[in-house]
Protein chains: 2
Amino acid sequence: MTTPPTSRRARPAKAPLSRDVIVRTGLEILDRDGLDALTMRRVAKELDTGPASLYVYVANRDDLMTAMLDAALAQVPVAAEGTWQERLRALMAAATEAMSRHEGLAAVALGAIPTGDNALLVLDRMLALLKEGGLDDTTAGWAVDLLFLHVAAAAAEQSVYNTKDIGKVDAITAADRRYASLPADEYPMITALRASLFAHGDRGTWHLNVLINGILHTPAR
Amino acid sequence: MTTPPTSRRARPAKAPLSRDVIVRTGLEILDRDGLDALTMRRVAKELDTGPASLYVYVANRDDLMTAMLDAALAQVPVAAEGTWQERLRALMAAATEAMSRHEGLAAVALGAIPTGDNALLVLDRMLALLKEGGLDDTTAGWAVDLLFLHVAAAAAEQSVYNTKDIGKVDAITAADRRYASLPADEYPMITALRASLFAHGDRGTWHLNVLINGILHTPAR
DNA sequence: CTAGGTAACGAACGCTGTTCGTGTCAAACG
DNA sequence: CGTTTGACACGAACAGCGTTCGTTACCTAG
């Protein structure tokens, strides 16, 4: 009936919708305004359309976030040089970084066996490095499970500090104060070791070393 | 103006609201009907009241879930006998079990340094066991970080299978089929080791052993 | 120039978390 | 015994959400 104010033909060359631009737009919104801002309506508005239009390319919000996760994992670079352990550490650190940079994406990875193209590429490289380290097939298979789980978990933890309004330092000092006010009779170890609990240092790298050393010292079966 | 159909005095002795009954009701709903059903309105209805009434005892939905997490962690028993390693494994398995039994609670734990009373009790017992194992303070402090992270992550992964309509076996066979259809040139290791990736066995216990062995073989600094 | 198939859309449904102002009751006080 | 008080509970409403439905506008093939 009523013609729209500007006919679609006259519009300034709107980029056509596609799964890719939707995913990219989602990542932009996530990075700029956080997880709460990542709504279907918001993505649609950014693309100058209505929410309904997105559902041609994306099954639902979860599907969108899964796709966004895999897009983020495409950024993980291939570690080039060093021993297999060094390259494995670099790979895991990079994967953690890539996932933690976008709030909420790591949580998606924790909820499902990875099946995205780029997630599987990371997994494949992990397996190659473990085999290079001389592990047998079963141990290597179980190890990637553990390593991927740790990467996702570390990223989930990191992303909270990366994105929340509150900084990491604030959160730590707040926790430190909480621990300091605990009754020593109910929480003797925390009270005694409080200084060590919050001792600074590169925990992330130490965690990776623990995992690698543990895997090497724990044959499956 | 209009008198309500039954005056409040005449009602059949409605149990008074309190933070505790709200948290307990929340856990019941979560266990019975899943995370999506855990809405403020649903909790209120279960308690025969309106949503607004809950906000006297609970700051918001996140606050409720945090309280629910700590309530769930109260169920973690104290391991009695065995070596320190056996007791540590039992403690971690129990904590994982407690968190994974209630969908979505593990995700809460991943998002914050634990400060709940019962979470701290678990943490305190972990520390005691690590010290019993002869670790120095710094290593023990960093180790609880890693162990708690793993517990939360393992619980988050578990809870998906525990609660989703889809069973764990279904998810695995689906992933297996996906892996089987991968191009061997792009994913050589996954293709070659697919059988080992899905080999059954007690991965959970192996993971715990890896962590413990790794911690023992990786002094901080 | 017309027909057809598909991508895009506007509007709506049934929810959600949270807030505000009002009502109601039991206990404390004069 | 009558009144005041203050805390708790509640109804209603707001703004927003994910998702679906039926219709429209468009490009392409005939």
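By convention in this document, chain letters (A, B, ...) are assigned in the order of the sequence lines, proteins followed by strands, and residues within each chain are numbered from 1.
- Looking at residues two or more places apart in sequence or on another chain, you find a side chain to side chain contact (heavy atoms under 4.5 Å, CB included) between A:D202 and A:T205.
- In this structure, the side chain to side chain contact (heavy atoms under 4.5 Å, CB included) partners of B:P77, at least two apart in sequence or on a different chain, are B:A94.
- The 5' end of DNA chain C is approached more closely, in terms of each residue's nearest nucleotide, by A:P51 than by the other of B:R42 and A:P51.
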Enumerate the protein-to-nucleotides 20-22 of chain C contacts in which both atoms are nitrogen or oxygen and the separation is below 3.5 Å.
none

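- Computed from coordinates, the B:K45 NZ to C:dG17 P distance equals 13 Å when rounded to whole Å.
- Proximity of B:R89 to B:N209: side-chain heavy atoms (C-beta onward) are separated by under 4.5 Å at one or more points.
- Pairs engaging residues 180-201 of chain A under the salt bridge (Lys or Arg N to Asp or Glu O under 4.0 Å) rule: A:D176-A:R194 [sequence neighbours left out].
- Near DNA chain D, meaning a heavy atom under 4.0 Å away, the residues from residues 53-64 of chain B are B:S53, B:Y57.
- Every residue two or more places apart in sequence or in another chain was checked for a side chain to side chain contact (heavy atoms under 4.5 Å, CB included) with A:Q75, and none qualifies.
- By the ring-ring contact (aromatic ring centres under 6.0 Å, His included) test, A:F198 pairs with A:Y179, sequence neighbours left out.
- A search for side-chain hydrogen bond (donor to acceptor under 3.5 Å, both in side chains) contacts involving B:R61 returns nothing, not counting sequence neighbours.
- A:R41 contributes no side-chain N or O that forms a donor-acceptor pair with the base of D:dG16 under 3.5 Å.
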### Query
If you write DNA chain D from 5' to 3' in dot-bracket form, with Watson-Crick or G-U pairs under 3.5 Å, [ ] for crossing pairs and | for pairs with another strand, what do you get?
||||||||||||||||||||||||||||||

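- Atom OH of A:Y161 and atom CD of A:E103 lie 13.5 Å apart (nearest 0.5 Å).
- Taking only side-chain atoms of B:L17, from C-beta outward, the nucleotide of D:dG18, D:dA9, C:dG17 with the closest atom is D:dA9.
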Under 3.5 Å, side-chain donor or acceptor atoms of residues 113-120 of chain B against the rest of the protein: list the pairs with distances, not counting sequence neighbours.
residue	atom	partner	partner atom	Å
B:D117	OD1	A:R178	NH2	2.8
B:N118	ND2	B:D70	O	3.0
B:N118	ND2	B:D70	OD2	3.2

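- In this structure, A:L38 atom CG and D:dG18 atom P are separated by 8 Å, rounded to whole Å.
- Rounded to whole Å, atom C1' of C:dT16 lies 17 Å from atom CE of A:M40.
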Would you be so kind as to tabulate the donor-acceptor pairs closer than 3.5 Å made by side chains of residues 62-69 of chain B, with sequence neighbours excluded?
residue	atom	partner	partner atom	Å
B:D63	OD1	B:R19	NH2	3.0
B:D63	OD2	B:R19	NH2	2.6
B:D63	OD2	B:A59	N	3.0
B:T66	OG1	B:D62	O	2.9

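- Evaluation of the side chain to side chain contact (heavy atoms under 4.5 Å, CB included) rule for B:R203 yields A:W142, A:D145, B:H207 as partners, not counting sequence neighbours.
- Distance, B:M65 CE to C:dT16 C1': 15 Å, rounded to whole Å.
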